[in-house]
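Here, residue 1 is the first one in the sequence, and each next residue gets the next number. As the structure is a computational prediction, the values presented were derived from the model and not from experiment.
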Amino acid sequence: MKQMYPKNGRVILHVDMNSFYASVEMAYDPSLRGKPLAIAGNPEERRGIIVTCSYEARKFGVKTTMPLWEAKKLCPQLIIMRPNFERYRAASIGMFEILGNYSDLVEPVSIDEGYMDITNSYAHGSPIEIAEMIQRRVIEQLDLPCSIGVAPNKFLAKMASDMKKPMGITILRKRDVPTILWPLDVEEMHGVGKKTGEKLRSLNIKTIGELAKANDTTLKMALGINGKRLKDKANGEDNRPVDPEAAEEFKSVGNSTTLPRDISNQKELHKVLKELAEKVSIRLKRKKVLATGVSITIRYKDRKTITRSKKINNPIQATEEIFTVSKQLFQKHWNGNSVRLLGVTGTDLVEQGHAVKQLNLFNFEKEAKKEPLYHTLEKLREKYGSKIIENAAALSDIQKKQANIGTSTSFNKDFLQINRNNDKE
């Protein structure tokens, strides 16, 4: 499979969720499917604007940022909902956890889109096969559609993902730029807004192709340093790397499992949650991070999937702590029906050294008893270095073998694992 990848160069994916907020609401409430739906900031006010809308609404001419009164005029049957950002945030975490299964180089751009560098991911298949797997898993596990662009750099990947919506996969090579991109209006180019488009048209630059051939000095006078950058992109050039550190707040660690059978027994479901919490705890310790939030996912036998999350004042890492929060969320939101899949994720991660506990009356005494131990450990680290004493869960696999510590752990980064039988439910 390695021969399917370039010897020199990169393979970049841009994954873009389709009509994200509206799609999440449809996944949460299937009765909304096929109906014109809009998410709006102030549904009760005429001056409210459309945040996003379903493709059914777009057929009537409804668009993002359109005033609500105008949208209702175009589509009287339009269903208006307020945004539920906690729900969207949880779905976003699930999406990025799926992407993380195929590459460690994942860069979130916003809540509903991100780049992936899969240059070294050939073990998973060809680039197009990886794109198809991601698209399939996102729809099967989260019930959400996405479009994916496959290209040698970030700019072309972004342009490619916009070409087929919803549920499209587009390959855009550098050699395709003159025939596919150059004929397009300059405003259709990623990075060219309304004002920039007006400036370019004032220079008689109306297409991407004309921008690609424009005079450098003219562009610099009109657009400054951004002029040359836009010209480079118009020629298919973009050297920006995929940077996983660009959006720290999107980082999370999750594990999930499709159950061997539909289960409605509460005790059995709690046992599964405990096992998932343990796996998440082990991975948090390996990464030397703590979670300031916990998210759970429940998929019922009828395929309805819900994701619920909770912020935590004191960062956590231990199995019992993760399990306690997970169980609370489960008890609150489980409807009693048979469950097909469960997932637990630690979210909003912070580095171990930077995690500050906000001690309360409940845990102060317990923490105070540990203070002499913490003081001794700190002294040893000061004298011999920060790695002189490590938690067993943070040891590498080689170290564990040497120490005869037989801990079975999961390296699966999926928010929701597909079961081994590829059950599409």
Under the criterion side-chain hydrogen bond (donor to acceptor under 3.5 Å, both in side chains), I'd like the reasoning laid out for Q317 against K285: C-alpha separation, chi angles, the key distance, then a yes or no.
CA-CA 7 Å; Q317 189 186 62; K285 290 170 183 174; 5.4 Å; no
Once you round to the nearest 0.5 Å, how far does NZ of K233 lie from CE of M189?
6.5 Å
Other residues, nucleotides, ligands: >12 heavy atoms within 6.0 Å of K165 NZ
yes
When you compare the side chains of T307 and T297, does any donor N or O come within less than 3.5 Å of an acceptor on the partner?
yes
Any salt bridge linking R33 with E56? Criterion: basic side-chain nitrogen under 4.0 Å from a carboxylate oxygen.
no
What I'd like to find out is whether the side chain of R173 reaches to under 4.5 Å of the side chain of I171, using heavy atoms alone.
yes
T292 side, atom OG1; D348 side, atom CG - distance, nearest 0.5 Å:
4.0 Å
Is a donor on one side and an acceptor on the other found under 3.5 Å between the side chain of Y300 and the backbone of N335?
yes
side-chain contact (heavy atoms from CB on, under 4.5 Å) between I50 and T52, intermediate numbers included
CA-CA 6 Å; I50 303 296; T52 190; 5.6 Å; no
Those residues at least two apart in sequence (or on a different chain) that pass side-chain hydrogen bond (donor to acceptor under 3.5 Å, both in side chains) with N84 are none
How long is the straight-line distance from NE2 of H333 back to CD1 of I306, given to the nearest 0.5 Å?
7.0 Å
Can you tell me if CG on N265 sees more than 12 non-hydrogen neighbours from other groups inside 6.0 Å?
yes
Does R89 make a cation-pi contact with F85 (under 6.0 Å, within 45 degrees of the axis)?
no
Salt bridge (charged side-chain N to carboxylate O under 4.0 Å, His left out) against E129, all qualifying residues, sequence neighbours excluded
none
Is the closest side-chain heavy-atom distance between D185 and R201 below 4.5 Å?
yes
Any sub-3.5 Å donor-acceptor pair from E97's side-chain atoms to V253's backbone N or O?
yes
I111 side chain near F20 side chain, heavy-atom distance below 4.5 Å:
yes
Could you walk me through whether L341 and I298 pass side-chain contact (heavy atoms from CB on, under 4.5 Å), step by step?
CA-CA 6 Å; L341 178 148; I298 307 170; over 6 Å; no
Mark yes or no for whether S147, through its side chain, and G168, through its backbone, hold a donor-acceptor pair below 3.5 Å.
yes
Candidate pair F323 and V344, rule side-chain contact (heavy atoms from CB on, under 4.5 Å), full reasoning
CA-CA 9 Å; F323 173 59; V344 174; over 6 Å; no
For atom CE of M167, decide whether the heavy atoms of other residues, nucleotides or ligands shown that lie under 6.0 angstrom number more than 12.
yes
Determine, for D238 against R240, whether the closest basic-nitrogen to carboxylate-oxygen distance falls under 4.0 angstrom.
yes
If you measure from the Lys or Arg side-chain nitrogens to the Asp or Glu carboxylate oxygens, is any gap between R303 and E140 under 4.0 Å?
no
Side-chain contact test, heavy atoms from C-beta onward, threshold under 4.5 Å: evaluate it for D162 versus D16 and give yes or no.
yes
For the residue pair L203 and A222, what are the closest heavy atoms and their distance?
CD1-CB, 3.6 Å
Is it the case that over 12 heavy atoms from other parts of the model lie below 6.0 angstrom from the NZ atom of K213?
no
Within the distance-only criterion (no hydrogens, no angle test), does the side chain of S121 pair as donor or acceptor with the backbone N or O of H124 below 3.5 angstrom?
no
Taking D232 first and then K228, would you say they form a salt bridge - that is, a charged N and a carboxylate O separated by under 4.0 Å?
yes
Taking the six-membered ring for Trp, are F330 and H270 parallel (under 30°), tilted (30 to 60°) or perpendicular (over 60°)?
perpendicular
Is a donor from one side chain sitting under 3.5 angstrom from an acceptor on the other, for N255 and R283?
yes
Which is it for V339 and D262 under the side-chain contact (heavy atoms from CB on, under 4.5 Å) test, yes or no, and what are the steps along the way?
CA-CA 5 Å; V339 175; D262 297 338; over 6 Å; no
Note: K231-E237 ion pair, threshold 4.0 Å (strictly below):
no
